[in-house]
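Lettering follows sequence order; numbering is per chain, from 1. As the structure is a prediction and not an experimental result, all values here were calculated from the model.
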There are 2 protein chains.
Amino acid sequence: MILTGNSLVNERLHMTRSPRINGRSPLRKRDANRPSARQRIFDTASELFYLKGIRAVGVETIAAEADTTKMSLYRNFPSKDELVAEWLREHDANFWQTWDAMANRHSKDPRRQIKAAFALLAKHVADPKARGCPMANAAVELTEKDHPARKVIEAHKAKLRARLVQICTQMGAREPRLLADQLFLLMEGAQVTTQTLGVRGPARNVARAAKMLIDANLRAS
Amino acid sequence: MILTGNSLVNERLHMTRSPRINGRSPLRKRDANRPSARQRIFDTASELFYLKGIRAVGVETIAAEADTTKMSLYRNFPSKDELVAEWLREHDANFWQTWDAMANRHSKDPRRQIKAAFALLAKHVADPKARGCPMANAAVELTEKDHPARKVIEAHKAKLRARLVQICTQMGAREPRLLADQLFLLMEGAQVTTQTLGVRGPARNVARAAKMLIDANLRAS
DNA sequence: CAAGAGAGTTACCGGTCAGTATCATACCAT
DNA sequence: ATGGTATGATACTGACCGGTAACTCTCTTG
C-alpha cells in the first residue's frame, strides 16, 4: 500500500496548540470554550472518514488529529464501527433537517421543492473538496452485511426514495414512482461521478437533467 | 472491526482440491489443464476485490483462495496496488470489447446502440450479486491521488463520457454533451444504488429513464 | 474542602498488514 | 539425463490495526 493516510492534515478543526496571541495563553486543556473530547473526536472522525475513507483512517489517527488519545475515543464510543454508524446517523439527521427546512419554504409547491433540492445538490457537487455522498461511499467500503452502519445507510436511502415518490405524486406525475427513481438515479450519479470526473464532469448538468426529466414526465400525463 | 473477510468463499474459481473422480487423480499441482498461478491469483483477486472491496481483502487471503502462496503473488505482480491497477485495466479492456461488439451490431443506428448499452446495464444491475461498478467503487476506496489505479479509473470514465457524446451527436441531439452527461449520470446512479437499495431499487428503472431522456432531448431539437 | 467526573498519558495485547528471504520440489524442453 | 523455469512451503520483518489496563491530573460541583 502506498500510504495509509496517517499524516496530519493541515487545518485543524479545533485549534488547541495554537501559538499564544498577545500575551494571553491559548486554549488550555480544560476550557469552557474548548469542545469536549467527544465532540472533537466526532468532528475529526467525520471529516477524516469523508475525505480519506473509512478503512483508510485508523482510530489512532483520529485521536491524534483531535488532539487527544485513543482512550478518550473508546470512553465515548464503543467501537470504531459504532463511531462510523454514529457519524452516518448524524449525517442523516443533518440531511433531513436541511431538506425539511427547504421543503417548508415551498410547502405548497412540490415542483419548487425538487428544484431547490437539486440546486443544493448542484452546489455540493461543485465543491472540489467534496467526495460524493458519505452514505453511498460507506456502502461501498463496508461490505459486511451486518455492519451497524448498513441499516443506517439503507434506511436513509429508502426514506429519500419514498420522499421523492411523495413529491412526485404531489406534482401530479402520471407515474410518480418512475419519476422518483429517475431523479434518484440522477442524484446518486452526480455524487459518484465527482469522484472520477470531478466538478467539471457530468455532475454539473444534474439540475438541468432533473428539469428535463420532470418536464418529460409531466408532459406525458 | 467486525471481521476482515478472510474466511474462505464457498465456490472456487479453479478447483484444485476437488475429490478424485472414478479412480483418476484430480488436477495435480502442475497440469496443462490447470491455469497458471498468475492466472489463478488474478482471477481470485478480481473476484474478491469486487465482492468484498479492495482494502478489505489482503494479499494472504488472495493467495490462499487461489490455492497458492503470497510468494507466487509477488513473483507475478510488483505490489498489491499494481495488482489492483491491473485488475481495473483488464476490466476496462473487457468493457470496451463488449461495448464495441454491441456498437458494431448497430453501426448505423446510434439510438439502438444506446438502447443496447442500457439493456446490458439493466441486466447487470438486476444481478443480486452485483456490487456496482468496479471502477467507481475503487475510486471511493482509493483516495490517495497518486494511486496507480486512479489514472486507469479516470481514463476509463473520460473515455465513456466522450463515447456517449459521440453517439448523442450521431443521434442528432441539439445538445449532445448535455444528453451524454444525463445518460452518464443515469448509468453511474444505477450502479451505485444497487449497493444501497438493491435490485428492486431505482436501478431497475434505468432503461426507461434513459429512453425518456433521449426522447425529451430529441423532441427539443 | 471533598468527591467525583472528564480527560490526559503511557504501555501494552493479540492479530493482521504488505512485502521478503530461503530452500525444496515438480515439470518441461533440450 | 539435464538444466532452466515455475511453483510450493515456511518463516520472517517492521509497521499498523482495533482495543484495553492502570494511573495521574484538573476542573467542577456539592
Side-chain angles (χ1 to χ4, degrees), chain A residues 1-7 14 16-17 25 27-42 44-45 48-49 52-85 141-142 144 147-148, chain B residues 1-7 14 16-17 25 27-42 44-45 48-49 52-85 141-142 144 147-148:
Chain A
M1 278 289 163
I2 283 181
L3 183 70
T4 50
N6 286 10
S7 61
H14 313 287
T16 51
R17 295 201 192 112
S25 77
L27 287 178
R28 311 234 310 284
K29 288 291 177 182
R30 284 289 283 283
D31 189 302
N33 293 72
R34 194 187 197 212
S36 67
R38 182 192 165 93
Q39 196 60 48
R40 279 176 290 142
I41 289 166
F42 189 78
T44 305
L48 291 180
F49 285 155
K52 316 258 185 187
I54 296 167
R55 300 194 102 114
V57 175
V59 289
E60 187 83 61
T61 305
I62 295 170
E65 209 60 22
D67 197 39
T68 179
T69 62
K70 237 191 318 185
M71 272 315 299
S72 278
L73 192 158
Y74 281 101
R75 278 194 203 102
N76 288 284
F77 302 94
S79 68
K80 182 189 177 182
D81 286 333
E82 281 301 331
L83 174 55
V84 171
E141 284 204 77
L142 308 175
E144 306 115 320
H147 192 289
Chain B
M1 279 290 164
I2 284 180
L3 184 70
T4 50
N6 286 11
S7 60
H14 314 286
T16 52
R17 296 200 191 114
S25 80
L27 288 179
R28 311 232 311 283
K29 287 291 177 184
R30 285 287 284 280
D31 189 304
N33 293 73
R34 194 190 196 209
S36 66
R38 180 191 166 95
Q39 196 61 48
R40 279 177 287 140
I41 289 165
F42 189 78
T44 305
L48 291 180
F49 285 156
K52 314 260 184 187
I54 297 167
R55 300 195 101 115
V57 174
V59 289
E60 187 83 61
T61 305
I62 295 170
E65 209 61 21
D67 198 38
T68 179
T69 61
K70 235 190 319 183
M71 271 316 299
S72 278
L73 191 156
Y74 282 100
R75 272 194 275 260
N76 288 284
F77 303 94
S79 68
K80 182 188 176 183
D81 286 332
E82 280 301 332
L83 174 55
V84 171
E141 284 204 76
L142 308 176
E144 306 114 321
H147 193 289

Query - Phosphate-side-chain proximity, Tyr74(A) and dG19(D), N/O vs OP1/OP2 below 4.0 Å - result: yes
Requested in this report: Could you state the atom-to-atom distance from CD of Glu144(B) to P of dA18(C) in whole Å?
Outcome: 12 Å
Requested in this report: Choose from dG8(D), dT20(D), dG8(C) the nucleotide whose nearest atom is closest to any side-chain atom of Met71(A).
Outcome: dT20(D)
Report summary line: To the nearest angstrom, the CD-P distance between Glu82(A) and dG19(D) comes to 10 Å
Requested in this report: Would you mind telling me which of dG8(C), dG19(D), dG8(D) lies closest to the side-chain atoms of Ala37(A)?
Outcome: dG8(C)
Query raised in the report: Counting only side-chain N and O atoms of Ser72(B), is one of them less than 4.0 Å from OP1 or OP2 of dG8(D)?
Result: yes
Report task. Could you check how far CG of Asn76(B) sits from C1' of dT5(D), rounded to whole Å? Result -> 12 Å
Report summary line: Atom CG of Leu73(A) and atom C1' of dT10(C) are separated, to the nearest Å, by 17 Å
Query raised in the report: For the side chain of Lys70(A), counting heavy atoms from C-beta on, which of dT20(D), dA7(C), dA18(C) is nearest?
Result: dT20(D)
Query - Side chain to side chain, Arg34(B) and Asp67(B), heavy atoms closer than 4.5 Å - result: yes
Report summary line: From CG of Asp81(B) across to P of dC17(C) the rounded distance in Å is 15 Å
Query raised in the report: Hey, are the side chains of Asn76(B) and Phe42(B) touching, using non-hydrogen atoms and a 4.5 Å cut-off?
Result: no
Report task. Using the closest heavy atom to pick a nucleotide of DNA chain C for each, name whichever of Glu60(A) or Thr69(A) lands nearer the 5' end. Result -> Thr69(A)
Report task. Find the distance Ile54(B):CD1 to dA18(C):C1' and express it as a whole number of Å. Result -> 15 Å
Query raised in the report: Between Arg40(A) and dG8(C), does any side-chain N or O lie under 4.0 Å from OP1 or OP2?
Result: yes
Report task. Calculate the interatomic distance between Lys52(A) atom NZ and dC17(D) atom C1'; express it in whole Å. Result -> 18 Å
Query - Shortest side-chain distance from Arg75(B), nucleotide among dT22(C), dG19(D), dG8(C) - result: dT22(C)
**Report entry** Any Arg55(A) side-chain N or O less than 4.0 Å from OP1/OP2 of dG18(D)
**Finding:** no
Query raised in the report: Shortest non-hydrogen contact from Pro148(A) to Glu82(A)?
Result: CB-OE2, 3.5 Å
Query raised in the report: Which pair of heavy atoms, one from Ala66(B) and one from Arg40(B), lies closest together, and at what distance?
Result: O-NH1, 3.1 Å
Query - Candidates Val59(B), Thr68(B), Thr44(B) - the one meeting side chain to side chain contact (heavy atoms under 4.5 Å, CB included) with Leu73(B) - result: Val59(B)
Query - Closest nucleotide among dT7(D), dT9(C), dA7(C) to the Ser36(A) side chain - result: dA7(C)
Requested in this report: Please determine if a side-chain N or O atom of Thr68(A) lies less than 4.0 Å away from the OP1 or OP2 oxygen of dG8(C).
Outcome: yes
